Amino acid sequence: MSAPTEEQEESMIYAEDGPNVMALADAYDKCLIDLEEYFEACLRSYDDRRNLWAGKSDDLRKQGANAFPWQGASDIEVNVVGERIDAFVAILDQALQRSHIKAFPTSMASMPRASMVSGFLKWMRSSYIPNFRQQMELGANYLLEKGLMVSYVGWKREKRTYLQQVSIEEIAQVSPDLAELIVSGADDEMVFGMLQTAFPDLSSKRAKKAIMDLRKKGLAEVSVPRTSVDCPVVYSCAPDGEVLFPSYVTDPQRAPYVFWRTFLTAQELEKKVVSEGWDADWVENAIERLRGKDSMYLDGEKLKTIDRLPITDDNDLVMVVYGYQRLIDEEDGSEGIYCTVFHPTTEGFAKHELLNGYDDYPFVVTRLSNSQKRVYETQTFSDILRGAQMQIKTERDSRIDRASLATLPPLLHPAGRPPSDWGPGVRVPYRRLGEIQWGPPPPADNGSIEVEVSMTAQADRSVGLDVSNPISASRQQFVVSKFLDHVRDVLNMAWKLYQRMGPDEVFFQVTGNPNPQVMTKGSADENFSIVVNFDSQSNDPETAETQLKNMVSLVQLDRNGIMDVNKLLEFTAASINPIFADYVLQPAEEAQQ
């Protein structure tokens with residue numbers, strides 16, 4: 001990788017008419033090289049969670065020249081890391097589903113809409129953002145296993161058309177004049193115009209073919225709209241190979257550039273030409289020459305960690321890189337977020353645009369630990385639990401090996417005269433009694449189980465799953481709060497995108513109101529302080545019951561009526577069972593009627 005030229009350096013700072021793809025490709029390659037150490041750490045965490053190690057066999061027995069203490073000794077799996085990650089993913093998923101979302105006004109002008117926005121954000125979480133729960137579950141796994149949770153937040157506007165057969169009889173029912181003109185062939189220009197008016201998504205080429213087919217066969221294929229997409233989208237991205245920041249970054253939003261590496265099918269690429277205005281020549285070249293050609297080759301050599309990254313090359317897919325840059329206009333100093341779609345090993349680009357509506361990069365990044373300043377210097381559950389898992393595995397392997405020796409101890413026999421066979425009912429010849437006998441079995445190690453119990457308790461304490469430890473609740477709440485803060489930032493970014501890119505009106509329905517509500521966009525600069533919270537102690541039925549009883553008892557002391565009983569009832573019902581709450585709660589006005 002050669003040193004960048006002055007032109008390339010300036011193209012990474014200042015906005016120009018078009019992108020410098022060579023400079024972007026060099027920056028992309030530099031990210032890959034600098035982050036290889038983090039990739040290796042993620043692969044080790046991946047192995048720890050799934051109990052993968054060199055020389056592992058299907059029968060969980062040690063084989064090969066380095067087998068210790070003997071060939072066929074125990075080599076079992078111990079799922080210390082995986083169990084605790086899975087447990088926390090379940091806790092975080094429950095926290096997401098039972099969390100309380102509130103939008104607080106930041107000015108007098110936004111006060112009237114605060115309650116409506118709170119309900120709209122709740123609906124965003126449950127319905128408006130497609131597959132939001134699944135994406136957050138994936139992100140939670142990345143957070144605990146890889147130490148980083150990265151979410152892309154964007155807006156998707158797409159009209160999907162499908163081919164459908166129509167007959168001349170069906171057209172006659174809708175427009176008899178059009179059907180008569182088609183059959184008679186009197187005025188093709190008028191027929192062409194009327195047909196495109198009836199089917200606005202019909203291309204000129206297909207419209208002409210449809211006219212000929214209707215005259216000859218009475219049937220034709222036309223393009224009709226079926227569904228349209230106009231909503232926010234959220235994707236959880238793998239931090240080890242899918243989204244790349246410079247290795248030195250401490251705040252992702254201050255990064256000079258960000259790369260999002262993804263793979264698309266040929267059909268998806270062709271759709272991008274129509275729906276997003278990608279360059280048709282670039283797409284054609286990509287389909288012909290770039291399928292199965294990954295960008296993980298640098299100077300002809302493949303990075304050693306790439307074979308096991310979460311996404312890699314495939315013969316049917318084309319790797320595409322979205323390069324995001326924060327660039328400055330040299331004339332007035334204004335800044336903007338620019339996006340270039342390219343492939344690092346080929347010239348040209350599919351699309352380059354200023355992302356209107358984005359003040360920052362469309363990514364939300366959360367670290368599991370902030371023990372160091374740089375984003376990639378973070379700790380994972382695998383780092384915390386690796387020692388305990390190895391120690392427990394050693395103790396269990398030793399007990400299984402000791403049990404194997406006790407079940408079938410070594411046989412002692414005269415030198416040069418081993419028994420021909422050994423087993424139940426086998427006849428073993430001897431000259432003198434006692435020539436063949438069992439070797440002494442190893443003594444039982446009563447401390448092995450104590451060591452395992454101690455290490456298991458240490459693993460639980462390390463991540464906050466030890467129910468007997470009073471600080472465990474705080475440890476759980478720490479991880480839950482990080483996760484929900486990430487959800488808050490994602491919803492906040494999705495809300496801003498709705499204000500700037502969404503439809504003028506959206507109908508939605510939330511808990512406590514059986515009737516649909518209408519959300520209007522309002523001002524693009526309208527701000528709210530969004531809070532998403534959940535008390536991890538709510539998972540403990542006794543604690544939750546005590547808290548609710550204490551809150552209800554406070555109503556008796558409320559002489560001035562400062563407590564909103566309706567909100568208390570809504571919160572209590574949602575805490576008991578949010579699904580039941582959706583069905584039984586209704587607005588106070590309707591309840592009074």
Side-chain angles (χ1 to χ4, degrees), residues 36-87 89 141-142 144-146 238 240-241 296 302-314 380-412 418-424 426 438-456 458-460 462-463:
E36 190 165 8
E37 183 177 350
Y38 174 73
F39 293 165
E40 290 177 351
C42 289
L43 289 176
R44 187 178 183 188
S45 295
Y46 181 94
D47 291 346
D48 289 337
R49 181 178 182 182
R50 293 159 182 83
N51 280 269
L52 302 175
W53 57 81
K56 180 180 179 181
S57 61
D58 293 338
D59 61 356
L60 299 180
R61 294 288 177 177
K62 295 176 183 175
Q63 310 291 343
N66 297 323
F68 179 84
W70 59 76
Q71 290 284 344
S74 173
D75 198 21
I76 66 169
E77 296 178 348
V78 180
N79 199 22
V80 174
V81 175
E83 284 179 355
R84 283 147 187 82
I85 290 180
D86 292 342
V89 169
N141 277 278
Y142 289 152
L144 302 173
E145 180 184 322
K146 306 175 189 295
D240 54 336
M296 292 303 195
K302 197 171 188 179
L303 293 179
K304 61 183 179 181
T305 58
I306 298 309
D307 284 330
R308 292 170 52 212
L309 283 179
I311 52 176
T312 184
D313 53 331
D314 191 285
T380 69
F381 266 38
S382 296
D383 296 331
I384 298 171
L385 300 170
R386 182 176 294 121
Q389 177 163 293
M390 290 300 297
Q391 182 64 42
I392 293 173
K393 173 176 170 54
T394 300
E395 296 298 332
R396 290 186 183 178
D397 280 339
S398 67
R399 292 203 301 272
I400 293 175
D401 290 340
R402 187 176 292 107
S404 298
L405 287 172
T407 303
L408 185 62
L411 282 176
L412 303 180
S420 59
D421 199 0
W422 190 262
V426 173
W438 295 111
D445 183 4
N446 296 325
S448 177
I449 294 179
E450 294 181 6
V451 171
E452 179 177 336
V453 171
S454 175
M455 297 307 299
T456 302
Q458 177 181 318
D460 288 336
S462 299
V463 295

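Counting from 1, the numbers follow the sequence of the chain as shown. The structure presented is a predicted model; accordingly, all values stated were derived computationally and were not measured.
- A pairwise comparison of heavy atoms in Arg61 and Ser404 identifies NH1-OG, 4.5 Å as the closest pair.
- Judged by distance alone, with hydrogens and angles left aside, the side-chain atoms of Asp401 form a donor-acceptor pair with the main-chain N or O of Ser74 at under 3.5 Å.
- How far CD1 of Ile85 is from CZ of Arg50: 8.0 Å, rounded to the nearest 0.5 Å.
- Looking at Met390 and Val78, their side chains never come closer than 4.5 Å, going by heavy atoms from C-beta outward.
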Begin with the C-alpha distance, continue with both residues' side-chain angles, and end with the deciding distance and a verdict on side-chain contact (heavy atoms from CB on, under 4.5 Å) for Asp460 and Arg84.
-> CA-CA 8 Å; Asp460 288 336; Arg84 283 147 187 82; 2.9 Å; yes
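- Of all heavy-atom pairs spanning Pro443 and Arg402, the tightest one is O-NE, 3.2 Å.
- Residues passing the salt bridge (Lys or Arg N to Asp or Glu O under 4.0 Å) test with Lys62: none are found, sequence neighbours excluded.
- Defined by atom type and a distance below 3.5 Å, a donor-acceptor pair is present between the side-chain atoms of Asp383 and Thr380.
- Residues Val80 and Leu385 come closest through the heavy atom pair O-CD1, 4.1 Å.
- Side-chain contact of Ser448 with Glu395: a donor-acceptor pair under 3.5 Å is present, judged by distance alone.
- Summarising the geometry of Trp53 relative to Ile76, their closest heavy-atom pair is CH2-O, 3.5 Å, with the distance given to 0.1 Å.
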Hey, mind stepping through Leu411 and Trp438 against side-chain contact (heavy atoms from CB on, under 4.5 Å) and telling me if it holds?
-> CA-CA 5 Å; Leu411 282 176; Trp438 295 111; 3.7 Å; yes
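- Residues passing the side chain to side chain donor-acceptor pair (under 3.5 Å) test with Asp58: none are found, sequence neighbours excluded.
- Under a cut-off of 6.0 angstrom, the local environment of CD1 in Ile449 is sparse, with at most 12 non-hydrogen atoms contributed by other residues, nucleotides or ligands.
- From Leu405, atom CG reaches atom CD1 of Ile400 across 12.5 Å, with rounding to the nearest 0.5 Å.
- Panel note: side chain Lys56, backbone Asn51; a donor-acceptor pair is recorded below 3.5 Å.
- In this structure a side-chain-to-backbone donor-acceptor pair under 3.5 Å is present from Gln71 to Gly64.
- Note that OG1 of Thr394 and CD of Glu452 are 11.0 Å apart. Values are rounded to the nearest 0.5 Å.
- Distance CD1/Ile392 to CE/Met455: 6.5 Å, rounded to 0.5 Å.
- Between the side chain of Ser454 and the backbone N or O of Glu450 there is no donor-acceptor pair closer than 3.5 Å.
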Assess whether side-chain contact (heavy atoms from CB on, under 4.5 Å) is satisfied between Gln389 and Ser382, documenting all intermediate values.
-> CA-CA 9 Å; Gln389 177 163 293; Ser382 296; over 6 Å; no
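- Judged by distance alone, with hydrogens and angles left aside, the side-chain atoms of Arg44 form no donor-acceptor pair with the main-chain N or O of Glu40 at under 3.5 Å.
- Taking OH of Tyr142 as the reference point, atom SG of Cys42 lies at 10.5 Å (rounded to 0.5 Å).
- Residues passing the side chain to side chain donor-acceptor pair (under 3.5 Å) test with Asp86 are Arg49, sequence neighbours excluded.
- Here CZ of Arg396 is found 7.0 Å from CZ of Arg399. Values are rounded to the nearest 0.5 Å.
- Under a cut-off of 6.0 angstrom, the local environment of CD in Gln63 is crowded, with over 12 non-hydrogen atoms contributed by other residues, nucleotides or ligands.
- Within a 6.0 Å sphere centred on CG of Asp59, other residues, nucleotides and ligands contribute more than 12 heavy atoms.
- Remark: the backbone N or O of Phe39 is not paired with any side-chain donor or acceptor of Asp240 at under 3.5 angstrom.
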